[in-house]
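Everything below concerns the one structure shown next.
Because only heavy atoms are used, hydrogens play no part in the values below, and waters and symmetry mates are left out as well, while side chains stay in. Numbers restart at 1 for each chain; the letters A, B, ... are given by sequence-line order, proteins then strands.
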Amino acid sequence: MQLLLIHSDYIEFEAKRPTKMAEEIDDQARKGRLEEALCAFIAVEKFDEDDPEAVISEGAKQISDLAEQVHADRIMLYPYAHLSPNLSTPATAVKILKGMQEALSRNYEVMRAPFGWYKAFTLSCKGHPLSELSRSIKLGEGEVVSEALKSEAKAVSYWKIMDLDGKMVDADKFDFTGHEKLKKFTNYEISKARAVDRVPPHVELMRRLEMVDYEPGSDPGNMRYYPKGRLVKSLLENLVLDKAAEMGAMEVETPIMYDMEHPTLKKYLDRFPARQYQIEADKKKLFLRFAACFGQFLMGHDMTISYKAMPLRMFEITRYSFRREQRGELVGIRRLRAFTMPDMHTLTRDMGQAMEEFRKQYEASIAVLKDVGLDLGDYEVAIRFTKDFYNENKQFIEGLVDIVQKPVLIEMWDDRFFYFVLKFEFNFVDTLDKASALSTVQIDVENAERYDIAYVDEAGEKQRPILLHCSPSGAIERVIYALLEKAAREAEQGKLPMLPTWLSPTQVRIIPVAERHQARALEVVKELGFRTDIDDRDETVSKKIRDAGREWVPYVVVIGDDEQASGQLTVTVRANSTPKSPAKAKMSVEDLRRQISSETAGKPWRRLPLPVRLSERPRFI
RNA sequence: GCCUCGGUAGCUCAGCUGGUCCAGAGCGAUUGACUUGUAAUCAAUAGGUCGCGUGUUCGAAUCACGCCCGGGGCUCCA
């Protein structure tokens, strides 16, 4: 609704001639005049049709607010189509106008000019600062609250713990001795309690290590990544990409924005509990993807697939997926509005193949997390399913628990509220006892139908596949969050925090003692390879060593007269050191090269994203 | 969206019962000295419309109101 509000000495109108859509009025209502009145010119718009009642109350409120301010006792409601290019139907407009008249009549003397007539009017504007105002009323900015978000509130969950023997115990009766993290995770999931007394440690770390930072020039939860952060992300992305390829996935790429009015997508939006970013281009309303599902399913819809191609896996690293998470949820990089999500979808022939594939992806996810540096002890397992699915597949579920060799949290629903019948997640529990999901796989029994995805079986018949959604690692940013939080926890326990060597931005730091050692230092950089840099700043050796420690550099090499003479290196190995006593070792360049090679074998590698000489580096924070 | 805390030098912050300890400290930067052997070398210099606006006052970084931006919390989390 568009409003043009004018505080007038008087307003006078006379209806001259009806248009096609004129409302019927008696002769008396064709003329009107109000003295000392607030005159509201009103255009009712297309999207007001969604919720006329709300528009009436909001419009009436805006008008009475201003009437209050300018001390007007009389209000003229004057339909004025020219305020908007996008008008509602006449019926809605009349309904809303009448509704506003009724609402305002309680406190004001209200007159309404007839709708749909050519009218002559005379208006005398008072001309004080508040005498001419316009207002646009848009309800909720056209926000879509998905059915899934609503049904989530209705879903009744049964919370259990499944032990290694396959027995399910109510979560509140389980003996959590020896499973403290599972207990914290369970509490977190059930009670949703999350009072926190401090900022999580990764927030300071991500900035101090010059990896990630807030970007005030963007929307909250959209971060900037400095070279070291970009490097770490890139390495993690490449690792997951490799693992997906190993699993037999085909990498694809799909658009990041989609048409809101696309019939299939529209329905899917309602099944996904997330808020979208919406943008408008030309006359189209678009939303930014919150996962790669749409793109891959739309692709799947157009594909010709034989049973021989099954299971068929498509993979994409979505940079970015967007979810407009609530403002207060965004802390550091634990939860973001723009995040990088490895997203794989698998088409399987039937539930049997789907379950087999589910188990494989479950095991693959464990392996991926292990590769990035997170062990089974670092996260807790949740398995969620419908009651029906459980009753038909008890042994299968028990098998999943058996694989991780520890009790897991179970959530069971009476009915299927969502598009899946079975899912698991691996949840990282941080030092503040907050849990966040990393890897996840879901068995989707709904979207093959919705997107009309089919394959042809041995008999030449079209069949609906069962779909799997899988993120083998979870969002890349969240993996970084988990690694930083894990390091922070270890630091609290008196260990030296660090990233795995293959992920460390600087793998080896060379510190020449004096200027005359720089030539040798540069030689070593060349011979060694890896991401090796050299601290050639005009600082003391002590200062340089301290700085290398603050950067979590795994291998620190000091080169002075002795090393220059002997050709041996003095290496401080961070992994073996403690805060009080550095672990120093004498080794040759070749020894060190071999050690790092074996430590980073099979992992992605990228070159140093910064100048080799520290003296040439900018500071980002 | 709501509650709450905050915005002072490139960074982290002190000052904030209004007036010469009010424009400061540490780090960083620059320059000079030192050429250094395992966790912060010494000295000098430069840097700020104290988020923006309005008001109160003889006088505002300091008080009031409004606005903008950010942190944390709530709501939410297939």
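Contacts between residues 546-560 of chain A and RNA chain B, defined by a heavy-atom separation under 4.0 Å, are made by A/Arg546, A/Gly549, A/Val558, A/Gly560.
Between B/rU31 and B/rG59, the two P atoms lie 45 Å apart (nearest whole Å). Rounded to a whole angstrom, the distance from the C1' atom of B/rC16 to that of B/rA60 is 10 Å. B/rG24 and B/rG48 have their C1' atoms separated by 11 Å, given to the nearest Å. Straight-line distance between the P atoms of B/rC5 and B/rG66: roughly 14 Å, to the nearest whole Å. Separation of the P atoms belonging to B/rA29 and B/rC11 is 14 Å when rounded to the nearest angstrom. The gap from the C1' atom of B/rA9 to that of B/rU45 amounts to 14 Å, rounded to the nearest Å. Across B/rA39 and B/rU75, the matching P atoms stand 48 Å from one another, rounded to whole Å. One P atom belongs to B/rU41, the other to B/rA61, and the distance between them is 38 Å to the nearest Å.
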Could you go through nucleotides 68-71 of chain B and list every protein N or O atom that sits under 3.5 Å from one of its N or O atoms, giving the distance for each pair?
unit_1 : atom_1 : unit_2   : atom_2 : d
B/rG71 : OP2    : A/Arg327 : NH2    : 2.9

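Taking atom NZ on A/Lys544 and atom C1' on B/rU41, their separation rounds to 13 Å, with Å as the unit. Taking atom CD on A/Glu325 and atom P on B/rG73, their separation rounds to 14 Å, with Å as the unit. Rounded to an integer number of Å, the gap from A/Arg520 CZ to B/rG37 C1' is 17 Å. Look at CG on A/Leu496: it is 14 Å from C1' on B/rU38, rounded to the nearest Å.
With a glycosidic angle further than 90° from 0, B/rG28 counts as anti.
With sequence neighbours excluded, the residues satisfying ring-ring contact (aromatic ring centres under 6.0 Å, His included) with A/Tyr379 are A/Phe426. In terms of the salt bridge (charged side-chain N to carboxylate O under 4.0 Å, His left out) criterion, residue partners of A/Asp452 (sequence neighbours excluded) are, by chain and number, A/Arg464. Partners of A/Tyr225 by ring-ring contact (aromatic ring centres under 6.0 Å, His included), not counting sequence neighbours: none found. When the ring-ring contact (aromatic ring centres under 6.0 Å, His included) test is applied to A/Tyr320, no partner is found at least two apart in sequence or on another chain. Every residue was checked against the salt bridge (charged side-chain N to carboxylate O under 4.0 Å, His left out) condition with A/Glu204, not counting sequence neighbours, and none meets it. A/Asp415 pairs by the side chain to side chain contact (heavy atoms under 4.5 Å, CB included) definition with A/Phe417, not counting sequence neighbours. Residues that satisfy the ring-ring contact (aromatic ring centres under 6.0 Å, His included) test with A/Phe428, not counting sequence neighbours, are A/Tyr481.
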Inset, instruction - Using a 4.0 Å heavy-atom cut-off, write out nucleotides 27-36 of chain B from 5' to 3' as B (base contacted by protein), S (sugar-phosphate only) or - (no contact). - result: -S-----BBB
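Using a 4.0 Å heavy-atom distance criterion, A/Thr440 is classed as making no nucleic acid contact. Across all strands, A/Gln564 comes closer than 4.0 Å to no nucleic acid atom at all (heavy-atom distances). Note on A/Met341: a base of the nucleic acid sits closer than 4.0 angstrom, heavy atoms only. Residue A/Arg207 is in sugar-phosphate contact alone, with no base atom involved, counting any heavy-atom pair closer than 4.0 Å across all strands shown.
For RNA chain B, if you chain together Watson-Crick or G-U pairs that step i with j, i+1 with j-1 and so on, the runs of at least three with distances under 3.5 Å are B:1-7 with B:68-74, B:10-13 with B:24-27, B:29-33 with B:41-45, B:51-55 with B:63-67.
Looking at A/Arg289 and A/Glu316, a side-chain N of the basic residue comes within less than 4.0 Å of a carboxylate O on the acidic one, giving a salt bridge.
Under the 6.0 Å cut-off for aromatic ring centres, A/His469 and A/Phe420 do not qualify, their centroids lying 6.0 Å or more apart.
Pairs passing the ring-ring contact (aromatic ring centres under 6.0 Å, His included) check and including a residue from residues 546-588 of chain A, sequence neighbours excluded, do not occur.
Judged purely by atom type and a 3.5 angstrom limit, A/Thr578 uses its side chain to pair as donor or acceptor with the backbone of A/Ser581.
Between the side chains of A/Thr570 and A/Lys586, at least one donor N or O lies within less than 3.5 Å of an accepting N or O. In the model, A/Thr340 has a side-chain atom that pairs as donor or acceptor with a side-chain atom of A/Glu477 under 3.5 Å.
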Legend entry - Intermediate values then yes/no, side-chain hydrogen bond (donor to acceptor under 3.5 Å, both in side chains), A/Asp444 and A/Gln442: CA-CA 6 Å; A/Asp444 177 346; A/Gln442 300 148 15; over 6 Å; no
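A/Phe620 and A/Tyr226 have tilted rings, their planes meeting at an angle from 30° to 60° on a 0 to 90° scale.
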